[in-house]
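One structure below.
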Amino acid sequence: MGSLFSKQFERRKNIKAEKKTLCDLNENCGESYPGSDYRPADRKNWMAGLGVDKVYINKIVWPGTHDSATNKIGIPFITRPFAQCQSLSVYQQLVKGTRVLDIRVNENRRVCHGVLTTYGIDVVIGDIKKFLSETQSEVIILEIRTEFGHQDPPEFEKYLEEQLGEYLIHQDEHVFGKTIAELLPKRIICVWKPNKSPRPQSGSPFWNVGHLKDNWIDTDLPSTKFDSNLKHLSEQPPASSRKFFYRVENTVTPQPDNPIVCVKPVTNRIHGYARLFITQCFTKGCADRLQIFSTDFIDEDFVDACVGLTQARVEGAC
C-alpha cells in the first residue's frame, strides 16, 4: 500500500510540474505566428473562403479530431467518460471546421473505442454526406481503421465505395501537388487501414496506411507529449515535398495506473496549448512540416489556429 501511495504521489507531482512547464512556456513565448490573427468568416466553408484555386493540398494545415465518432459512446455518466473524446457529432464537427476524421470500427461495422461501441458506421457516412451536400468545395480526409483487437468488417471497401464513390479522390501521389479546384467535384481522401485485409493499392478509391502517418506516444504527461510531438515533427520532410500526410495530435490520454481515468480532465492538460505548439514549430524551425493537427473536444479556436496558418501559407506569408 505504501509503495502504491508513493507511486501515485510521484505521478501527481510529475503531472503538476509538466503542466507548469507548458504554462510558463506559454507566458514566455506567446502564441503569435503568421496567420494567428486570422479568423474565417464561415468555418463551415473555410476552404472556399481561402480560394479553392489557390489552396494546394500540401499547404493545408488540416484541423482534425481524435476518435471522432465517440460523442455517444458507452453509457452516459457510467462508461462514456472513459472513452468519449468528442462531444459533437461528426456533422457538427465538420460544420465547425474539422477536416480530418479518425473513425475506428469493429467487425460489425460499429464505431468503437477499445471495447466500447456506439452507433454504426452508417451514421458517420450519413453525417458526411449531409455536410458535403450543403457545401461545394470542402475536402475531407476520412481515416477509417479496424480498431485494435477486432476483425475487419466483411466487404467493407465495397460498402464504402457504394456509399461514397462519387466523392472519393483515388489514391494518386500527384494529389499532394494539386489545388482543391483541380480535385473537384471529388472531395474525400479516404484512408482505409484494415488489420488483415489487403491494403489499398495505387489507383484504388482508397488510400493506405502509408499515406497517413503519426508517432503516437501514449502518455498523460502534457509536456512529455508536447516535446515528443515537436521532436517527431522535426524529423519529417517538409509538407511540400511529402507524398504522405503526417499527423500531430494535441492530446494526452488516461493511464490505467492513474486515479484519473476520464478523458476530459486528462486531455485538458494539453488542450489549450495548440497555438503555443504552432508557435514553437516556428521557433524550432519545423513549421513547414506541420500538416494534420488533431485534438480531443475540438473547438472554434483550434480550428482558427489551423486555418490561420493555412491562410498565411496560401498568401505566401510563411
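The first residue in the sequence is number 1, and the count goes up from there. Side chains are part of it too, since the values below use all heavy atoms of this structure and drop only hydrogens, waters and symmetry mates.
- In this structure, K264 satisfies the cation-pi test against F297, with its NZ or CZ atom closer than 6.0 Å to the six-membered ring centre and inside 45 degrees of the ring normal.
- With a 4.5 Å cut-off on side-chain heavy atoms, Q255 and I260 do not count as touching.
- Formation of a donor-acceptor pair under 3.5 Å by the W46 side chain with backbone atoms of G97 is found in this model.
- The backbone N or O of S137 lies less than 3.5 Å from no partner atom in the side chain of T135, so there is not a single donor-acceptor pair.
- Electrostatic pairing of E147 and R145 does not count as a salt bridge here, judged by no charged N lying under 4.0 Å from a carboxylate O.
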Criterion side chain to side chain contact (heavy atoms under 4.5 Å, CB included) on C85 and H113, from CA distance to verdict: CA-CA 9 Å; C85 297; H113 185 186; 3.8 Å; yes
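- The only member of D304, V55, L50, D37 that meets side-chain contact (heavy atoms from CB on, under 4.5 Å) when paired with Q311 is L50.
- Between S294 and T65, the shortest heavy-atom distance links the atoms OG-N, 3.9 Å.
- Proximity of V175 to L183: side-chain heavy atoms (C-beta onward) are separated by under 4.5 Å at one or more points.
- Remark: D220 engages R11 in a salt bridge, criterion side-chain N to carboxylate O under 4.0 Å.
- With a 6.0 Å radius and a threshold of 12 heavy atoms from other residues, nucleotides or ligands, R109 has its CZ atom above the threshold.
- Here the side chains of Y246 and N215 are in contact, with some heavy-atom distance below 4.5 Å.
- Relative orientation of the Y91 and F131 rings is perpendicular, given thresholds of 30° and 60° on the angle between their planes.
- F226 has its ring centre no less than 6.0 Å from the ring centre of Y273.
- Using a distance-only test at 3.5 Å, with no hydrogens or angles considered, no donor-acceptor pair links the side chain of Q86 to the main chain of T70.
- Using a 4.5 Å cut-off between side-chain heavy atoms of Ile, Leu, Val, Met, Phe, Trp and Tyr, with links allowed through other members, L230 and L25 fall into the same hydrophobic cluster.
- Under a 4.0 Å N-O distance rule, the pair D227/K231 does not qualify as a salt bridge.
- The pair E134-K44 meets the salt-bridge criterion, with a side-chain N (NZ, NE, NH1 or NH2) lying under 4.0 Å from an Asp/Glu carboxylate O.
- The backbone N or O of K158 lies less than 3.5 Å from no partner atom in the side chain of E161, so there is not a single donor-acceptor pair.
- Both I125 and I140 belong to a single network of hydrophobic side chains, linked directly or stepwise wherever heavy atoms of I, L, V, M, F, W or Y lie under 4.5 Å apart.
- Atom CD of Q151 sits in a sparse spot, with 12 or fewer heavy atoms from other residues, nucleotides or ligands closer than 6.0 Å.
- No hydrogens or angles considered: nothing links the side chains of H170 and D172 as a donor-acceptor pair under 3.5 Å.
- Under the 4.0 Å criterion applied to side-chain N and carboxylate O atoms, D102 and R104 are assigned as salt-bridge partners.
- Contact of the R275 side chain with the Y33 side chain is registered, since non-hydrogen atoms from C-beta on lie closer than 4.5 Å.
- Taking 4.5 Å as the limit, every side-chain heavy atom of E143 sits out of range of all side-chain heavy atoms of V209.
- In this structure, the side chain of Q201 engages the main chain of R199 through a donor-acceptor pair within 3.5 Å.
- Counting only heavy atoms from C-beta outward, the side chains of L132 and I128 approach each other to under 4.5 Å.
- Using modelled atom types, one finds a donor on one side chain and an acceptor on the other under 3.5 Å when comparing Y119 with N71.
- Ring planes of F302 and F293: tilted class, angle from 30 to 60°.
- In terms of heavy-atom proximity, A69 sits nearest to V90 at CB-CG2, 4.2 Å.
- With salt bridges taken as basic N to acidic carboxylate O contacts below 4.0 Å, none links E138 and R187.
- The number of heavy atoms from other shown groups lying within 6.0 Å of CD (E182) is above 12.
- Residue V263 is not grouped with residue I73 when hydrophobic side chains (ILVMFWY) are merged at heavy-atom distances under 4.5 angstrom, including chains of intermediate members.
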Steps toward side chain to side chain contact (heavy atoms under 4.5 Å, CB included) verdict (V111, V124): CA-CA 9 Å; V111 176; V124 175; 4.0 Å; yes
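- Counting only distance, with no hydrogens or angles, the side chain of D152 and the backbone of S197 share a donor-acceptor pair below 3.5 Å.
- Between K54 and E315 there is a salt bridge, since at least one side-chain N of the basic residue sits less than 4.0 Å from a carboxylate O of the acidic one.
- A cation-pi arrangement is found for K225 relative to W216, the charged atom lying closer than 6.0 Å to the ring centre and inside a 45° cone about the ring normal.
- In the displayed structure, K72 atom NZ is contacted under 6.0 Å by at most 12 heavy atoms of other residues, nucleotides or ligands.
- Between M47 and V139, some side-chain heavy-atom pair lies under the 4.5 Å cut-off.
- Using the six-membered ring where Trp is involved, W192 and F156 have ring planes that are tilted, between 30° and 60° apart.
- One N or O on the side chain of N250 and one on the backbone of I270 form a donor-acceptor pair closer than 3.5 Å.
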N58 vs F245, side chain to side chain contact (heavy atoms under 4.5 Å, CB included): CA-CA, chis, key distance, verdict: CA-CA 9 Å; N58 60 16; F245 295 100; over 6 Å; no
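- Taking 4.5 Å as the limit, every side-chain heavy atom of H211 sits out of range of all side-chain heavy atoms of K243.
- In this structure, the side chain of N28 engages the main chain of D24 through a donor-acceptor pair within 3.5 Å.
- Side-chain heavy atoms closer than 4.5 Å link hydrophobic residues (I, L, V, M, F, W, Y) into clusters, and following such links, even through other members, never connects L221 to V252.
- Between the side chain of Q291 and the backbone N or O of W62 there is no donor-acceptor pair closer than 3.5 Å.
- In this structure, the side chain of T310 engages the main chain of V61 through a donor-acceptor pair within 3.5 Å.
- Geometrically, R242 does not engage F176 in a cation-pi contact defined by less than 6.0 Å to the ring centre and at most 45° from the axis.
- Two different hydrophobic clusters hold L212 and I144 under the rule that ILVMFWY side chains link at heavy-atom gaps under 4.5 Å.
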